[in-house]
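The analysis underlying the following values was restricted to heavy atoms, covering all of them including side chains, and did not include hydrogens, waters or symmetry mates. Along the sequence shown, residues are numbered consecutively beginning with 1.
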Amino acid sequence: MEQIAVEIVELLASPLHRYEGRPADGPAPASAGESRDELELRAGLGIVGDRYFNQRAHRASSVTIQAAEALETIATELGIAVPGLHETRRNILLRGVDVDALAGIPFSLDSGAGAVRFGDPRAANPCAWMDVAVAPGAHRAFRRRGGLRTGPLDDGVLRLGPAILRTPSSVE
């Protein structure tokens, strides 16, 4: 049974696609209220209020998760300020676990309102937009550090602050 104490550092639900068209054209402006104190998740549907909620093509990958430590390492390598979820377009930023190492491993997150299980986690590969939204060279720097795409298996709520991540031996 493995339980890892983590911190949910940042949460984002974006109703709009900001990175459409060509990267050279730049991203669309962020919508008001994208940063959240909590996210409501629905089993098989995703994050309520997010652009991928109940989108057939994205149901199994409607939630993206990234490690704060990966962003800090990339910032150091590129000599830039640490980017956040508005730049990387992920939904959940965790501190205290190697998120990328969880690819292929179902897990759950519990921030105090009950565990939310996530299934079929796979790599969230970076796109060329990272060179525009973060800094030149970010697309390459994010390789193998882009986080995960997954989908919620339970309805639930995740909140900023301390949380417990459980891996398969402890996920029930």
Side-chain angles (χ1 to χ4, degrees), residues 1-15 18 30-31 33-75 82-127 130 134 142-172:
M1 173 172 167
E2 185 167 5
Q3 295 188 69
I4 303 167
V6 298
E7 178 186 2
I8 299 176
V9 177
E10 191 177 354
L11 297 169
L12 183 117
S14 177
R18 291 187 53 222
S31 302
E34 287 185 345
S35 292
R36 308 277 177 91
D37 292 334
E38 68 179 37
L39 294 179
E40 180 182 352
L41 297 107
R42 296 285 170 89
L45 299 175
I47 298 169
V48 175
D50 191 72
R51 65 199 177 280
Y52 294 122
F53 183 77
N54 197 23
Q55 297 295 316
R56 182 180 300 263
H58 296 282
R59 286 186 185 148
S61 60
S62 58
V63 177
T64 52
I65 303 172
Q66 195 158 42
E69 294 86 350
L71 296 182
E72 292 163 353
T73 299
I74 289 166
V82 178
L85 297 182
H86 284 280
E87 291 82 23
T88 65
R89 305 309 291 161
R90 303 296 186 242
N91 301 114
I92 301 170
L93 185 62
L94 294 180
R95 179 176 299 288
V97 65
D98 181 355
V99 169
D100 296 285
L102 294 172
I105 302 170
F107 62 92
S108 71
L109 273 172
D110 186 344
S111 62
V116 176
R117 293 175 302 136
F118 294 93
D120 193 26
R122 54 194 176 283
N125 296 316
C127 66
M130 294 301 96
V134 175
F142 274 103
R143 290 184 186 152
R144 291 175 296 287
R145 296 186 278 201
L148 298 174
R149 300 183 78 69
T150 186
L153 302 176
D154 303 302
D155 290 353
V157 173
L158 293 176
R159 294 184 179 99
L160 293 175
I164 299 294
L165 184 142
R166 292 180 180 90
T167 55
S169 60
S170 61
V171 174
E172 299 180 15

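Nearest approach of I105 to P121, heavy atoms of both residues: O-CG, 3.1 Å. Pairing each heavy atom of L11 with each of L158, the nearest pair is CD1-O, 3.6 Å. The two residues V63 and P152 make their nearest non-hydrogen contact at CG2-CD, 3.8 Å. The two atoms that bring G151 and S62 nearest to each other are CA-OG, 4.2 Å, heavy atoms only. When every heavy atom of E10 is checked against every heavy atom of S35, the shortest pair comes out as OE2-OG, 4.4 Å. Taking each heavy atom of G146 and Q66 in turn, the nearest pair found is O-NE2, 3.6 Å.
Under the 3.5 Å distance criterion, the side-chain polar atoms of R145 are left unmatched by any main-chain donor or acceptor of T73. Judged by distance alone, the side chain of R122 and the main-chain N or O of D120 form a donor-acceptor pair under 3.5 Å. A distance-only check finds a donor-acceptor pair linking the side chain of D154 to the backbone of R117 [under 3.5 Å]. D155 contributes a side-chain N or O that, together with a main-chain N or O of A43, makes up a donor-acceptor pair within less than 3.5 Å. A donor-acceptor pair is defined here as one N or O able to donate and one able to accept, closer than 3.5 Å; such a pair exists between the side chain of T64 and the backbone of N91. Distance alone, capped at 3.5 Å, is enough to place a donor-acceptor pair between the T150 side chain and the G119 backbone.
The OG atom of S108 sits 5.5 Å away from atom CZ of R166, with the distance rounded to the nearest 0.5 Å. Taken to the nearest 0.5 Å, the CG atom of D37 stands 11.5 Å off from the CD1 atom of I8. Atoms CZ and CD, on F107 and E2 in that order, are 13.0 Å from each other to the nearest 0.5 Å. The structure places CG of D50 at 9.0 Å from CD of E34, a figure rounded to the nearest 0.5 Å. Here the CG atom belonging to L109 is positioned 5.5 Å from the CZ atom belonging to F118, to the nearest 0.5 angstrom. The distance from the CD1 atom of I92 to the CZ atom of R36 is 12.0 Å, given to the nearest 0.5 Å.
Annotation: side chain to side chain contact (heavy atoms under 4.5 Å, CB included) contacts of E7 (sequence neighbours excluded): V9, R95.
Side-chain contact between L93 and T88 is absent, with no heavy-atom pair separated by less than 4.5 Å.
The neighbour count for R144 CZ, taken as heavy atoms of other residues, nucleotides or ligands under 6.0 Å away, does not exceed 12.
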Run L12 and I47 through side-chain contact (heavy atoms from CB on, under 4.5 Å) and show every step you take. CA-CA 9 Å; L12 183 117; I47 298 169; over 6 Å; no
